[in-house]
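Residue numbering restarts at 1 for every chain, and letters A, B, ... go by the order of the sequence lines. These numbers come from a predicted model, not from an experiment.
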Protein chains: 2
Amino acid sequence: MVNQAESILKSSALSITSSRKKIIDVFLSASTALAHQDIEKLADQYDRVTIYRTLQTFLERGIIHTIPTTDNTIKYALCSDDCISSGHHHDNHVHFLCDQCGRTLCLDDVMIPAITLPKGYSMKAINMVVNGICKLCRA
Amino acid sequence: MVNQAESILKSSALSITSSRKKIIDVFLSASTALAHQDIEKLADQYDRVTIYRTLQTFLERGIIHTIPTTDNTIKYALCSDDCISSGHHHDNHVHFLCDQCGRTLCLDDVMIPAITLPKGYSMKAINMVVNGICKLCRA
DNA sequence: GTAACTGCAAAATATTTGCATCCTT
DNA sequence: AAGGATGCAAATATTTTGCAGTTAC
């Protein structure tokens, strides 16, 4: 039984350091996408700068991805296995941003429908974000 | 023939000032969505703080909206007529972010397809952003 | 041992707030 | 005239950069 964080780092050919493991663990145990600030709080033994640099590295390697939100914040989430494997990032599920609790959730079961672009445009990635009230806030 | 910027301000019950008119004109003559920085450059006779406050006001009144992008920037665009009218903002077309020139375009002819959310979730707004290479960069 | 990673300090940017003055109605 | 909008100054917050010391391999 190998540590999951370590195995993620290994498959991206990154050296295994305690800050990187910690930040991956934070993502693994989070149920939602996280803002830089959230990560700072949850991994507060590490320098803010290290977190910036680590997130940057993870983005480049496709370990995490950003979720575009209308509320002027940037949220990060772990990529699912199949989106790391291909080398090319593609996240094909819908994201949900709750206007009440502010959480960003991956709706893994809701696929993004196909669309047709006008002539001359090529598509590399597609994102779909729904704003509203989530299950928990509504209850 | 009334000035278009003035008529937009009037229908939102905002007082007509030169900075507000200028900023609306900037949007009207832009072919793409604009970042705060772009607006600063295009309306550089006005204070940076005024631009912050004006954009904030316009967002609240539904004169402009933000477009979520994966590249960690916030882009603003004028709402189309029909999205102002209802009081409730709803932008039902797809946005395109060109990875090469960085421009954000409204694909007015491409509608966002309907999706079904899991039980317990309610939808207030939906956004769809496609990344890729635009028509002009490809040519 | 070497290259890469981290922490600290500091610089550069971006955003927010307070207040006095000016402009719109 | 009154309320709201603007500009300036300054306080905060965010992000980037340089460098020296430390760690992974």
Side-chain angles (χ1 to χ4, degrees), chain A residues 2-27 33-64 66-76 102, chain B residues 2-27 33-64 66-76 102:
Chain A
V2 181
N3 179 298
Q4 197 175 352
E6 292 191 11
S7 90
I8 290 173
L9 289 170
K10 267 177 200 158
S11 53
S12 290
L14 288 173
S15 52
I16 294 165
T17 67
S18 93
S19 62
R20 285 178 178 166
K21 280 195 289 186
K22 174 65 181 176
I23 291 176
I24 290 180
D25 284 339
V26 163
F27 278 113
L34 301 169
H36 180 101
Q37 253 190 350
D38 302 324
I39 299 162
E40 259 180 56
K41 278 179 209 142
L42 294 167
D44 63 350
Q45 64 268 56
Y46 297 103
D47 196 89
R48 182 189 292 251
V49 175
T50 298
I51 296 173
Y52 277 109
R53 291 195 269 226
T54 304
L55 291 176
Q56 189 55 44
T57 303
F58 286 1
L59 279 176
E60 282 161 9
R61 301 306 173 102
I63 295 174
I64 59 174
T66 57
I67 299 171
T69 61
T70 41
D71 68 350
N72 298 4
T73 61
I74 303 149
K75 298 286 183 78
Y76 303 89
Chain B
V2 181
N3 179 301
Q4 197 175 352
E6 291 191 11
S7 89
I8 289 173
L9 289 169
K10 268 179 199 157
S11 52
S12 291
L14 289 172
S15 53
I16 293 165
T17 66
S18 92
S19 61
R20 285 178 178 164
K21 280 195 289 188
K22 174 65 181 178
I23 291 175
I24 291 180
D25 284 340
V26 163
F27 277 112
L34 300 169
H36 180 100
Q37 252 190 353
D38 301 324
I39 299 161
E40 258 180 56
K41 277 180 208 143
L42 294 166
D44 63 350
Q45 64 268 57
Y46 297 102
D47 194 90
R48 181 190 293 252
V49 174
T50 299
I51 296 174
Y52 277 109
R53 292 197 267 226
T54 304
L55 291 176
Q56 189 56 42
T57 303
F58 286 1
L59 279 177
E60 282 161 11
R61 303 303 175 104
I63 296 173
I64 59 174
T66 58
I67 298 171
T69 61
T70 40
D71 67 350
N72 298 4
T73 61
I74 302 150
K75 297 285 184 77
Y76 303 90

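- Of all non-hydrogen atoms in B:Thr54 and B:Arg20, the two that sit nearest each other are CG2-CG, 4.0 Å.
- Within the model, atoms CD1 of B:Ile64 and CG of B:Leu55 stand 4.5 Å from one another, a figure rounded to the nearest 0.5 Å.
- Taking atom CD of B:Gln56 as the reference point, atom C1' of D:dG4 lies 16 Å away to the nearest angstrom.
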Considering only nitrogen or oxygen atoms on both sides, find all protein atoms under 3.5 Å from nucleotides 6-8 of chain C and state each distance.
from: C:dT6; atom 1: OP1; to: A:Thr17; atom 2: OG1; distance (Å): 2.8
from: C:dT6; atom 1: OP1; to: A:Ser19; atom 2: OG; distance (Å): 2.2
from: C:dG7; atom 1: OP2; to: A:Asp47; atom 2: N; distance (Å): 3.4
from: C:dG7; atom 1: OP2; to: A:Thr50; atom 2: OG1; distance (Å): 2.4
from: C:dG7; atom 1: N7; to: A:Arg53; atom 2: NH2; distance (Å): 3.1
from: C:dG7; atom 1: O6; to: A:Arg53; atom 2: NH2; distance (Å): 2.6

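- A distance of 9.5 Å separates CD1 of B:Ile24 from CD of B:Glu6, quoted to the nearest 0.5 Å.
- A donor-acceptor distance shorter than 3.5 angstrom exists from the side chain of A:Ser11 to the backbone of A:Ile8, with no hydrogens or angles considered.
- Between B:Leu14 and B:His36, it is B:His36 whose nearest contact on DNA chain C lies nearer the 5' terminus.
- The CG atom of B:Leu59 sits 11 Å away from the P atom of C:dT16 (whole-angstrom rounding).
- Sequence neighbours left out, the pairs with a member in residues 40-63 of chain B that pass ring pair (Phe, Tyr, Trp, His ring centres under 6.0 Å) are B:His36-B:Tyr52.
- Rounding to the nearest 0.5 Å gives a distance of 10.0 Å between CD1 of A:Ile23 and CD of A:Glu40.
- To the nearest 0.5 Å, the span separating CG on A:Asn3 from NZ on A:Lys21 amounts to 6.0 Å.
- For B:Arg53, the side-chain contact (heavy atoms from CB on, under 4.5 Å) partners two or more places apart in sequence, or in a different chain, are B:Val49.
- Per the geometry, NZ belonging to A:Lys21 stands 15 Å off P belonging to C:dC5, to the nearest Å.
- Put simply, the side chain of B:Leu59 reaches to within 4.5 Å of the side chain of B:Tyr76, judged on heavy atoms.
- In the helix from C:dG1-D:dC25 to C:dT25-D:dA1, the end axes, each obtained as the rotation axis mapping the C1' atoms of four pairs onto the next four within a five-pair block, lie 40° apart to the nearest 10 degrees.
- For the atom pair A:Leu34 CG and A:Lys75 NZ, the distance stands at 8.0 Å (nearest 0.5 Å).
- One can place CD of A:Glu6 at 17 Å from P of D:dT23, the figure rounded to the nearest angstrom.
- Along DNA chain C, the nucleotide nearest B:Ser15 and the nucleotide nearest B:Glu40 are compared for position; the residue whose nucleotide lies closer to the 5' end is B:Glu40.
- By the side-chain contact (heavy atoms from CB on, under 4.5 Å) test, B:Gln37 is found to be paired with no residue, residues two or more places apart in sequence or in another chain being considered.
- Regarding B:Lys10, its NZ atom lies at a distance of 13 Å from the C1' atom of C:dT24, rounded to whole Å.
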Considering only nitrogen or oxygen atoms on both sides, find all protein atoms under 3.5 Å from nucleotides 12-14 of chain D and state each distance.
from: D:dT14; atom 1: OP1; to: A:Gln37; atom 2: NE2; distance (Å): 3.3

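- Taking atom CD1 on A:Ile74 and atom P on C:dT15, their separation rounds to 10 Å, with Å as the unit.
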